[in-house]
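For reference, the structure discussed in these notes is given below.
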Amino acid sequence: MSEIFSHPHRRYNPLLDEWVLVSPQRNNRPWQGQEESITPALVPPYDPHCYLCPGNARAQGRSNPAYTATYVFENDFPALTPGVTGTEGEFFRAEAEAGLCRVICYSPRHDVTLPHLPLATVTAVVATWAAQYRELAARGELSSVMIFENRGAMMGASNPHPHGQIWANAHVPNVMARELAALAGYRSRHGGCLLCDCLQREQEAGERIICENDGFVALVPFWACWPFEVLLLSKAHVGGLEELDGAAQAQLADILIRLGLRYDNLFQAPFPTSWGIHLPPCDSAAHPECHLHAHFFPPLLRSASIRKFLVGYELLAMPQRDLTPEDAAARLRAASTGACPRRES
């Protein structure tokens with residue numbers, strides 16, 4: 001490894017066209033941040049008061065069916081609603097943003113998070129994501145589909161029942177638009193795929209790869225901002241979930257399980273994280289620049305109770321991290337993929 005990486009340096013993130021400051025020497029500080037006590041409670045397989053469990057009442061008089069597999073429904077309190085139109089102002093501009101929001105319960109089990117579900121169940125979740133994308137992409141008023149999960153109360157999850165969300169926008173959101181511009185610009189300049197080339201170089205280096213199978217790789221990206229940030233990449237150049245056959249869906253499910261178990265075992269606690277899959281725009285244009293990938297942004301720093309916050313310099317200047325991506329990848333590689341207590345923080 002270059003000598004530069006043992007001293008303060010910055011790394012370039014080509015997906016967002018921005019720099020990240022890395023300060024490895026700060027790990028020698030005598031005070032390593034506030035610790036908070038965690039008293040996790042065992043979660044029951046079924047909670048009669050949970051509005052996501054099978055058969056239970058939700059808001060506004062709606063009730064869930066007695067579902068036995070993955071279940072999707074329209075969010076009762078959506079951030080986006082269909083059919084809205086209009087613009088306002090010139091300097092202080094505003095535009096109506098149409099869209100819709102759905103909730104996806106991974107399984108009927110209230111106590112089993114995604115990486116602890118059987119492979120067949122997680123594969124069915126992946127197939128549901130693909131079906132949802134195909135359905136929403138066929139609607140002419142939508143331009144993007146975002147599949148994501150906020151896991152754990154620390155990340156703002158309003159209900160401990162394992163679930164994800166699907167938001168579809170009339171416009172392409174900011175971060176996705178920046179990535180699309182970067183991917184398209186790289187293809188225009190180099191004639192290839194930025195993420196394919198990134199993956200090739202990561203495989204050659206090896207030091208930031210966490211785990212892989214025949215179809216997917218999970219790695220800590222060279223430009224990672226969060227302590228244990230992960231980039232999950234398809235090995236084949238496919239744009240989205242709808243291009244995966246049954247075998248590839250199972251490979252994606254497998255890598256999600258293996259990564260999730262490593263997260264949970266790193267600090268022997270359910271690992272809070274916000275993560276999501278970036279998919280091609282669902283407009284009428286071709287997008288050969290797109291490459292199926294997912295981002296994981298977990299906040300834990302040195303233990304189950306010490307978090308990294310974006311404050312001060314990071315809010316006012318640029319992203320910054322102390323733990324190097326290489327060290328983070330080594331720790332995640334070494335983490336067990338065995339069973340971990342099913343407790344939610």
Side-chain angles (χ1 to χ4, degrees), residues 13 15-16 20 33 36 38 40 43 52 103-107 111-117 122 125-126 129 146-167 175-176 208-211 216-221 223-233 252-279 293-310 314 319 321-323 325 327-337 340-345:
N13 179 349
L15 276 175
L16 296 180
V20 177
E36 301 172 4
I38 291 181
V43 180
L52 296 182
V103 176
I104 173 169
C105 297
Y106 301 136
S107 85
D111 61 333
V112 185
T113 54
L114 192 69
H116 294 274
L117 289 168
V122 182
V125 172
V126 174
W129 290 334
M146 182 74 202
I147 296 168
F148 66 96
E149 177 184 1
N150 295 321
R151 182 189 178 193
M154 189 181 291
M155 304 309 296
S158 59
N159 189 302
H161 191 114
H163 68 284
Q165 301 188 57
I166 304 168
W167 289 19
V175 173
M176 296 173 71
R208 287 177 293 274
I209 291 179
I210 301 164
C211 57
F216 292 86
V217 175
L219 56 89
V220 178
W223 55 81
C225 173
W226 292 93
F228 294 97
E229 178 179 333
V230 165
L231 177 64
L232 191 154
L233 293 166
L252 177 53
D254 171 71
I255 207 76
L256 289 170
I257 291 171
R258 291 163 63 182
L259 175 61
L261 291 175
R262 280 182 166 85
Y263 270 145
D264 283 353
N265 282 300
L266 184 63
F267 298 130
Q268 284 297 296
F271 210 91
T273 188
S274 284
W275 72 276
I277 306 172
H278 277 173
L279 301 167
H293 67 284
H295 296 280
F296 292 75
F297 301 124
L300 295 185
L301 181 57
R302 282 177 289 273
S303 75
S305 64
I306 297 180
R307 298 185 236 178
K308 173 182 171 62
F309 294 92
L310 296 183
E314 292 163 298
R321 63 178 288 144
D322 299 342
L323 181 69
D327 288 342
R331 294 181 64 180
L332 283 169
R333 273 197 305 273
S336 168
T337 56
C340 180
R342 293 174 185 152
R343 295 168 181 256
E344 284 298 323
S345 57

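- Salt bridge K308/E229: absent, no basic N to carboxylate O contact under 4.0 Å.
- No option in S158, P272, S274 other than S274 meets the side-chain contact (heavy atoms from CB on, under 4.5 Å) test with N150.
- When all heavy atoms of C225 and L310 are compared, the closest pair comes out as SG-CD2, 4.4 Å.
- For R331, there are no salt bridge (Lys or Arg N to Asp or Glu O under 4.0 Å) partners at least two apart in sequence or on another chain.
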Evaluate side-chain contact (heavy atoms from CB on, under 4.5 Å) for V175 paired with H278, printing each intermediate quantity in order.
-> CA-CA 10 Å; V175 173; H278 277 173; 4.1 Å; yes
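- A side chain to side chain donor-acceptor pair (under 3.5 Å) with Y106 is found for one member of H163, E149, H161 and no other, namely E149.
- The CG atom of L117 sits 11.0 Å away from the CG atom of L256 when rounded to the nearest 0.5 Å.
- Judged by distance alone, the side chain of R208 and the main-chain N or O of P221 form no donor-acceptor pair under 3.5 Å.
- Note that CG of L252 and CD1 of I277 are 6.0 Å apart. Values are rounded to the nearest 0.5 Å.
- Among all heavy-atom pairs drawn from V43 and D111, the shortest one is O-CB, 3.2 Å.
- The shortest non-hydrogen separation linking A253 to V122 is CB-CG1, 3.5 Å.
- Salt bridge D264/R151: present, at least one basic N to carboxylate O contact under 4.0 Å.
- Taking SG of C211 as the reference point, atom CD1 of I255 lies at 4.0 Å (rounded to 0.5 Å).
- Separating the CD1 atom in I104 from the CG atom in L52 is a distance of 12.0 Å, to the nearest 0.5 Å.
- With rounding to the nearest 0.5 Å, the separation of CG in L300 from OG in S305 is 8.5 Å.
- Looking at every heavy atom in both residues, M154 comes nearest to A304 through CE-O, 4.3 Å.
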Test log, rule side-chain contact (heavy atoms from CB on, under 4.5 Å), inputs R262 and T337 | CA-CA 5 Å; R262 280 182 166 85; T337 56; 3.3 Å; yes
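- Atom CG in L114 sits 10.0 Å away from atom CG in L261 (nearest 0.5 Å).
- Ring planes of F267 and F271: parallel class, angle under 30° (limits at 30 and 60°).
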Can V230 and Y263 be said to form a side-chain contact (heavy atoms from CB on, under 4.5 Å), step by step?
-> CA-CA 10 Å; V230 165; Y263 270 145; 3.1 Å; yes
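- Smallest separation of non-hydrogen atoms from V112 and P162: O-CG, 3.0 Å.
- Closest heavy-atom contact between F228 and L301: CE1-O, 3.3 Å.
- The ring-ring contact (aromatic ring centres under 6.0 Å, His included) search around W275 returns W129, F296, not counting sequence neighbours.
- Considering only residues two or more places apart in sequence or on other chains, F216 meets the ring-ring contact (aromatic ring centres under 6.0 Å, His included) condition with none of them.
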